[in-house]
Amino acid sequence: MLRFVVCAAVVIAVVAAYRHVRAINPTTVALTLLVAVLIVSAGWGLRYAVFLAVFATLALNYYFLPPVGTFRIADTQNWVALLAFLATAVVASQLSERARSEAQHATQRRREIERLYAFSQRLLTTENVPELLNSIPRYVVESFGVTAAALFVVGREDVYRSSPGTRDLSGEQLRAIAARGEPTMDREHELFFTPLRLGVRSVGAIGLSGGLLSRETLEALGTLIAIAIERTAALEKLGKAEASREGEKLRSAILDSVTHEFRTPLTAIKASATSLLSDSNLDHAQRHELITVINEETDRLNHLVGEAAEMAQLDANQVELQREPHDIREAIDRAIEEARQSIANHTIEIDAAADLPLVSIDLERIKDVLRQLLENAGKYSPAGSTIQITAEADGRFLTVSVADRGPGIDDFEQSLIFDKFYRGKNERYRVQGTGMGLAIAKAVVEAHSGTIRVTSQVGHGSVFSFTLPINSPH
């Protein structure tokens, strides 16, 4: 009503302005009112412009066409002029309204295309099908300004919703839309449903509540979602296939590595035993040397079997720790004693304060962790170099470190060094091993509620350190 009042006020203002001008030409008044009609039509629409045109025609007749002050028209030419003015005003209003409507429609389509593009970009960020299905309704609500959205995919029982309260978008209706393959638009209740189609195949349906979307946008939305689901499923299958291939390669590499490590001592044992059995002319020293080889390689084989069994137990969480308060120096001394053969050509420095607090540990297993770190330091460090063992407490944790002067570990390998069966790419053929030692050490430390890590610089050695909680219960 306010706009109708403003239209009337415009006519009154024009009439009042021109009434004070002597000998005003009615054509000038008509053109001024026509401009007002065009402005109102462009800004507010056709109905206001038509009202203004009719009201302006009456005012022009009453105030400016003779006989002035009446609605009668004496001259036939004035009839023609008045009707021409009215027709021009109405036609111009219609044209202006059409141009305004088309501009609004074009703007709306542009916005919908922008929203579809932004929506498609969001769909590309997810490469997991369950995560994508859970995210799509929320993406639709955020991108298109609707109040709720629900998604159904053929082959899945669940209906994925933007929020738990979207019950006006029923699962039965979504299934019916998916089966029928045609969109449904209920503008009165602002409910929109469209199938998710890939060509002629329907893979599901999506329902929207609230907001206004064109049929074209609704169909494009369904197609985008169908393509995204199909793409993500394909990527997931490809990833699983690639992971399976990599797993097979890893299993083959592990089998080769473990087979080689087990075969080496068996070969030595077999050769020594064969020599003892076939050659009776061996002197005492030769026999002793062969028996020593058999003894050492048997110990090595036993150690490999023990590592494999321990790794399996740790993976299955079947190991019970015998935790009691101990001085960490006990574990250090015992580890040095057991690793003496690996570190015989190195100088060992120990930096551990005498007043370190006791820690609740399984002494045997922590000793094995330290022995593994010492043996690695001895294997990978040049002969004659120093291996430094440090133990310090900071109030909550006791930290034990083993520093060597080896070749170092690059940043990429530092993230893999504690993985099962992983061995450094530059050392795997030079130094014997199965790659289980550090994985076992990590599992043991974590079973004690501690952490283990490595700090290294290529060419300057590595520092392996692990922490143990000081006040850990036992």
Side-chain angles (χ1 to χ4, degrees), residues 310 314 319 321-411 413-419 424 437-474:
E310 186 174 14
L314 289 168
V319 176
L321 300 178
Q322 306 298 321
R323 302 176 71 163
E324 293 183 1
H326 287 282
D327 186 341
I328 194 64
R329 186 61 188 258
E330 293 181 62
I332 294 173
D333 291 340
R334 292 177 63 174
I336 292 173
E337 177 62 25
E338 291 192 11
R340 62 185 182 277
Q341 184 174 348
S342 300
I343 59 177
N345 297 323
H346 300 274
T347 303
I348 305 299
E349 293 183 358
I350 302 175
D351 182 7
D355 57 349
L356 287 175
L358 301 181
V359 283
S360 178
I361 57 174
D362 184 323
L363 184 62
E364 281 299 312
R365 295 196 176 276
I366 294 299
K367 176 263 296 179
D368 289 341
V369 171
L370 282 163
R371 176 181 53 76
Q372 179 64 49
L373 298 182
L374 287 170
E375 287 180 351
N376 279 359
K379 288 178 184 177
Y380 295 103
S381 299
S385 61
T386 299
I387 299 173
Q388 187 172 25
I389 305 172
T390 305
E392 55 189 0
D394 64 0
R396 295 177 54 207
F397 292 95
L398 178 72
T399 303
V400 183
S401 303
V402 177
D404 61 45
R405 298 293 183 271
I409 307 167
D410 63 33
D411 293 341
E413 288 196 302
Q414 288 181 36
S415 63
L416 304 173
I417 200 71
F418 294 103
D419 290 351
L438 289 177
I440 292 173
K442 181 175 183 285
V444 169
V445 170
E446 290 179 348
H448 283 79
S449 302
T451 59
I452 188 169
R453 63 190 180 91
V454 60
T455 303
S456 183
Q457 184 177 359
V458 176
H460 294 82
S462 306
V463 179
F464 286 84
S465 58
F466 62 91
T467 61
L468 297 169
I470 292 174
N471 297 318
S472 178
H474 58 279

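These numbers come from the heavy atoms of this one structure, side chains and all, not from hydrogens, waters or symmetry mates.
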Can you tell me how far [atom2] of [Y] sits from [atom1] of [X], rounded to the nearest 0.5 angstrom?
X: K442; Y: F464; atom1: NZ; atom2: CZ; value: 13.5 Å
X: I470; Y: S360; atom1: CD1; atom2: OG; value: 12.0 Å
X: S465; Y: L373; atom1: OG; atom2: CG; value: 9.0 Å
X: D333; Y: L370; atom1: CG; atom2: CG; value: 10.0 Å
X: T399; Y: E392; atom1: OG1; atom2: CD; value: 6.0 Å
X: N376; Y: D404; atom1: CG; atom2: CG; value: 8.5 Å

Nearest heavy-atom neighbours spanning [X] and [Y]:
X: S462; Y: V454; value: CB-CG2, 4.2 Å
X: A391; Y: L356; value: CB-CD1, 3.7 Å
X: L358; Y: D327; value: CD2-N, 3.5 Å
X: R371; Y: A339; value: CG-CB, 4.0 Å
X: L468; Y: I361; value: CD1-CG2, 3.8 Å
X: S449; Y: P469; value: O-CD, 3.8 Å

### Task
Start with the C-alpha distance between L374 and I389, add both sets of side-chain angles, then the distance that settles side chain to side chain contact (heavy atoms under 4.5 Å, CB included), and finish with yes or no.
CA-CA 9 Å; L374 287 170; I389 305 172; 3.6 Å; yes

Determine yes or no for a side-chain-to-main-chain donor-acceptor pair under 3.5 angstrom, with [X] supplying the side chain and [Y] the backbone.
X: S385; Y: P382; answer: yes
X: D394; Y: F397; answer: yes
X: H346; Y: G378; answer: yes

Is there side-chain contact between [X] and [Y], with heavy atoms separated by less than 4.5 Å?
X: I452; Y: T467; value: no
X: D362; Y: H448; value: yes
X: V402; Y: V463; value: no
X: I387; Y: T347; value: no

#### Entry: Side-chain ion pair, D368 and R365, N-O less than 4.0 Å
no

### Task
Identify whether the distance between the nearest side-chain nitrogen and carboxylate oxygen of E375 and K379 falls below 4.0 Å.
no

#### Entry: Candidate pair R453 and T455, rule side chain to side chain contact (heavy atoms under 4.5 Å, CB included), full reasoning
CA-CA 7 Å; R453 63 190 180 91; T455 303; 3.2 Å; yes

### Task
Would you please test R329 and I350 for side chain to side chain contact (heavy atoms under 4.5 Å, CB included) and show each step?
CA-CA 9 Å; R329 186 61 188 258; I350 302 175; 3.6 Å; yes

### Message
R334: which residues meet the side-chain hydrogen bond (donor to acceptor under 3.5 Å, both in side chains) condition with it, sequence neighbours left out?
### Response
E364

### Query
Does T390 have any side chain to side chain contact (heavy atoms under 4.5 Å, CB included) partners at least two apart in sequence or in another chain, and if so, which?
D351, Q388, S401

